[in-house]
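Starting from 1, each residue takes its place in the sequence as its number. Whatever order the structure lists them in is the order used to number ligands and atoms, beginning at 1.
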Amino acid sequence: MIGVFDSGFGGLVVLREFLQVLPQYDYLYLGDNARIPYGTRSERVVLRFTEQALNYLFSQGCRLIILACHTASAKALRTVQQVYLPDRYPENRVLGVLIPTVEEALTRSRIKRIGVIATEGTVASKSFELELKKLDPEVEVFQQACPLLVPLIEEGEQEWEGTNMILRRYLEQLIAAQVDTLILGCTHYSILKDKVKAILGEGVSLICSGQVTAEKLVDYLRRHPEIETRLSRGVGRRYLTTDLTPRFQQLASLFMGQPIDSEVVEL
Ligand code: DGL
């Protein structure tokens, strides 16, 4: 199975993109809803929670896991790939959403002025900036943490005028910086894509990591038959969560576009 991990529901947006382009595989989704948000947590804690989730998904038979959570991709992926995997699961793979997103942003930006909106944790890690500059040292990166957006989206307030005002406030500096490309660097933000577009105008290219990661995953599996041939097909999809509250179906529907049956697990 392909495992998809997120701190909560937002990663369902990423899974949805995978299902569009790679519907033939089986997927196991895990949302750590008992411990969301990750965006405000330290690197040490995000790494610990991520490793616990990976242990669980590997124990269920996943061979390839995608960290749909941007905060986990920013703060834990490097250690996972360099220490955890070689040590514990050298045959398996864990990929994140950051690198595909960064590559796409650099391809699209004409003037090399790229904005990033993300959680506080992702911005503080400077991971997007570091990866962008690693690939193109000339690029100028403007980051903006948007801590209010995840709670507003999870409260179902995406149509509220207040959300639009807050979004405008967050985007002010990026407009002033005249970025021509903006990375939506958090699982939840693609829900606000049209609103961001309306504020920034057609001249700014928006990068939704879920869509980009899905396209790059198709290419990755083509280039890695040793992984691709080990992925199961025809069994189906399962949705796991570390907490099941009455809001679960409502939020799952928002992110997945339909209600889902989920199972509660302990990590
Ligand atoms: N999934 C997180 C991310 O993409 C957002 C929610 C959280 O803070 O845990 O960064």
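Under the 4.5 Å side-chain heavy-atom criterion for grouping Ile, Leu, Val, Met, Phe, Trp and Tyr, I117 is connected to V13 within one hydrophobic cluster.
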Taking distance alone, no hydrogens or angles, what donor-acceptor pairs closer than 3.5 Å link side-chain atoms of residues 253-267 to residues at least two apart or in another chain?
{"residue": "S253", "atom": "OG", "partner": "Q249", "partner atom": "O", "Å": "2.7"}
{"residue": "E263", "atom": "OE1", "partner": "R238", "partner atom": "NH2", "Å": "2.9"}
{"residue": "E263", "atom": "OE2", "partner": "R238", "partner atom": "NE", "Å": "3.1"}

Let me check something: any side-chain donor-acceptor pairs from residues 197-212 under 3.5 Å, sequence neighbours excluded? List them with distances.
{"residue": "K197", "atom": "NZ", "partner": "V204", "partner atom": "O", "Å": "3.4"}
{"residue": "S205", "atom": "OG", "partner": "R108", "partner atom": "NH1", "Å": "3.0"}
{"residue": "S209", "atom": "OG", "partner": "H70", "partner atom": "NE2", "Å": "2.6"}

Show the atom names and distances, to 0.1 Å, of all donor-acceptor pairs under 3.5 Å that link a side chain in residues 151-163 to residues at least two apart or in another chain.
{"residue": "E154", "atom": "OE2", "partner": "H188", "partner atom": "NE2", "Å": "2.7"}
{"residue": "E159", "atom": "OE1", "partner": "K195", "partner atom": "NZ", "Å": "3.2"}
{"residue": "T163", "atom": "OG1", "partner": "E157", "partner atom": "O", "Å": "2.6"}

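Here K112 does not pair with E138 in a salt bridge; the nearest charged N to carboxylate O distance is not below 4.0 Å.
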Between ligand 1 and the protein, which N/O pairs fall short of 3.5 Å?
{"residue": "ligand 1", "atom": "1 (N)", "partner": "D6", "partner atom": "OD1", "Å": "2.8"}
{"residue": "ligand 1", "atom": "1 (N)", "partner": "S7", "partner atom": "OG", "Å": "3.0"}
{"residue": "ligand 1", "atom": "1 (N)", "partner": "T187", "partner atom": "OG1", "Å": "3.0"}
{"residue": "ligand 1", "atom": "4 (O)", "partner": "H70", "partner atom": "N", "Å": "3.0"}
{"residue": "ligand 1", "atom": "4 (O)", "partner": "H70", "partner atom": "ND1", "Å": "3.2"}
{"residue": "ligand 1", "atom": "4 (O)", "partner": "T187", "partner atom": "N", "Å": "3.1"}
{"residue": "ligand 1", "atom": "4 (O)", "partner": "T187", "partner atom": "OG1", "Å": "3.2"}
{"residue": "ligand 1", "atom": "8 (O)", "partner": "Y38", "partner atom": "N", "Å": "3.4"}
{"residue": "ligand 1", "atom": "8 (O)", "partner": "G39", "partner atom": "N", "Å": "2.9"}
{"residue": "ligand 1", "atom": "9 (O)", "partner": "S7", "partner atom": "OG", "Å": "2.6"}
{"residue": "ligand 1", "atom": "9 (O)", "partner": "Y38", "partner atom": "N", "Å": "2.7"}
{"residue": "ligand 1", "atom": "10 (O)", "partner": "T71", "partner atom": "N", "Å": "3.2"}
{"residue": "ligand 1", "atom": "10 (O)", "partner": "T71", "partner atom": "OG1", "Å": "2.6"}

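Judged by the 6.0 Å and 45° rule, R237 forms no cation-pi pair with Y27.
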